[in-house]
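A quick write-up on the structure given underneath.
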Amino acid sequence: MEHRIPRYTLEGVSGAEVSVHPFSTEDELGLTLTRFFAEESDDVVLLVHGLTSSSDMFIMPEHRNLVSYLLDSGFGDVWTLDFRMSGRFPYNMETRRQTLDDIALHDHPAALRELRRHVGARRIHVIAHCLGSVSFQMSLFGGALDGVTSMVANSVGLTPRVHPRARVKLAFGPALLEYGLGLCYIDPRFHDAPPLTRRWLMARAVSLLHPECREPACHMQSFMWGYGRPAMYRHGNLAPQTHVHQRLADLNGAADVNYYRHINKMVRAGRAVKCDPGNPAHGALPDDYLAGAHRVETPVLFLTGEHNDVFTDSNIVCHDILSRRAPGRHELHVLPGYGHIDPLIGKNAHVDVFPHILDFLKRHAG
């Protein structure tokens, strides 16, 4: 029987002391930080996943992962965050109608407070992916947190942009799913649902539109995000053990469809904005997160694959806008041959991508 990589495994990181640190948000959700400690360092790195993924994307055993790479490269104290978008929690399959504003206001500030409780005044560098990057920048540039020495933002930042056909999905998909199919979430595992159920039929229909491979989870993820065959990555950039149904679904799980409504508002606005500006619960956050971003001095490396079929040229545009407002502060690197998530989960990312991240971190470390 072929070896299946266990879900939530830690076998991808060796030679480090691992500890888990639970904490709670002000809106009463339990989240976790996981620490991978190899040696004392004045610089701490925090890794932040995107929607449907989790800290597992940074500790994959089938290739040299980002946590191991950083530990071996002089950054001996690496933390991963599992916030409310994490596939390790049930929150994506509930009916809370959550938005990125909730994350910006509650999750990231609470995570930084918990992290500071353990590391004190040491420098903190953040590497964030996808909507983890968007929401963290909303916190950072929206004034909900401070004290971040540097940030690497993969795929997207404060100016989410998508393919025109993906805009159609964002505009009509949430209502069709919730009120047409009675689903408050969408899951790459729908193919495994009982035959002839709504979830099973939906997965079969999606797979008919994706003849590029034989993995239903891959097809569903392309349907969930962006526009492409596939949309999330370049097939050739993944290890064979990654591109199998269960592994893909473990790494990128279910998504609460209400997040799509917020993304749709941002795409239409051309920048990160509040989902509901009239909601008093988010009164401490700005209506337009880009408006005051130039006043925050944290340098950002905007990283994106040249074939980003999820958020297209979002980071190129964001870097251009912020560079005009704060010349010389931020950087941009476009990765040849890469897509949306494969810069972090690709089999050769440690050769093609991680050195660029490491160079940026070292230049902003002590």
Residue pairs fulfilling salt bridge (charged side-chain N to carboxylate O under 4.0 Å, His left out) with at least one residue in [range], sequence neighbours excluded:
range	value
residues 298-310	R234-D309
residues 151-177	R161-D313
residues 49-72	D56-R88, E62-R247, R64-D72
residues 318-345	D320-R324, E331-R363

[atom1]/[X] to [atom2]/[Y] distance, rounded to the nearest 0.5 angstrom?
X	Y	atom1	atom2	answer
L115	I124	CG	CD1	4.0 Å
T25	D27	OG1	CG	3.5 Å
N315	N308	CG	CG	8.0 Å
T298	Q137	OG1	CD	10.0 Å
L344	L251	CG	CG	12.0 Å
R122	D42	CZ	CG	7.5 Å

[X] side-chain N/O to [Y] backbone N/O, donor-acceptor pair under 3.5 Å:
X	Y	value
S222	P230	no
R96	D256	no
S323	P327	no
N258	Q98	yes
H330	V300	yes
R198	L183	no
D77	S41	no
K347	H63	no

If you group Ile, Leu, Val, Met, Phe, Trp and Tyr whenever their side-chain heavy atoms sit less than 4.5 Å apart, what else falls in with [X]?
X	value
L196	W200, L201
F172	V168, L176
Y227	none

State plainly whether the residues K274 and D287 are in salt-bridge range, i.e. N to O under 4.0 Å.
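Here K274 pairs with D287 in a salt bridge, since their nearest N and O are under 4.0 Å apart.
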Check ring-ring contact (aromatic ring centres under 6.0 Å, His included) between [X] and all other residues, then give those that pass, not counting sequence neighbours.
X	result
F360	H364
H21	W79, H118
H243	H235
F354	Y69

Mind checking what makes salt bridge (charged side-chain N to carboxylate O under 4.0 Å, His left out) contact with R97, not counting sequence neighbours?
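R97: salt bridge (charged side-chain N to carboxylate O under 4.0 Å, His left out) contacts with E178.
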Could you check whether [Y] and [X], counting side-chain N and O atoms only, form a donor-acceptor pair closer than 3.5 Å?
X	Y	result
Y338	D352	yes
S155	H340	yes
H350	N65	no
H129	S133	no
H108	S135	yes

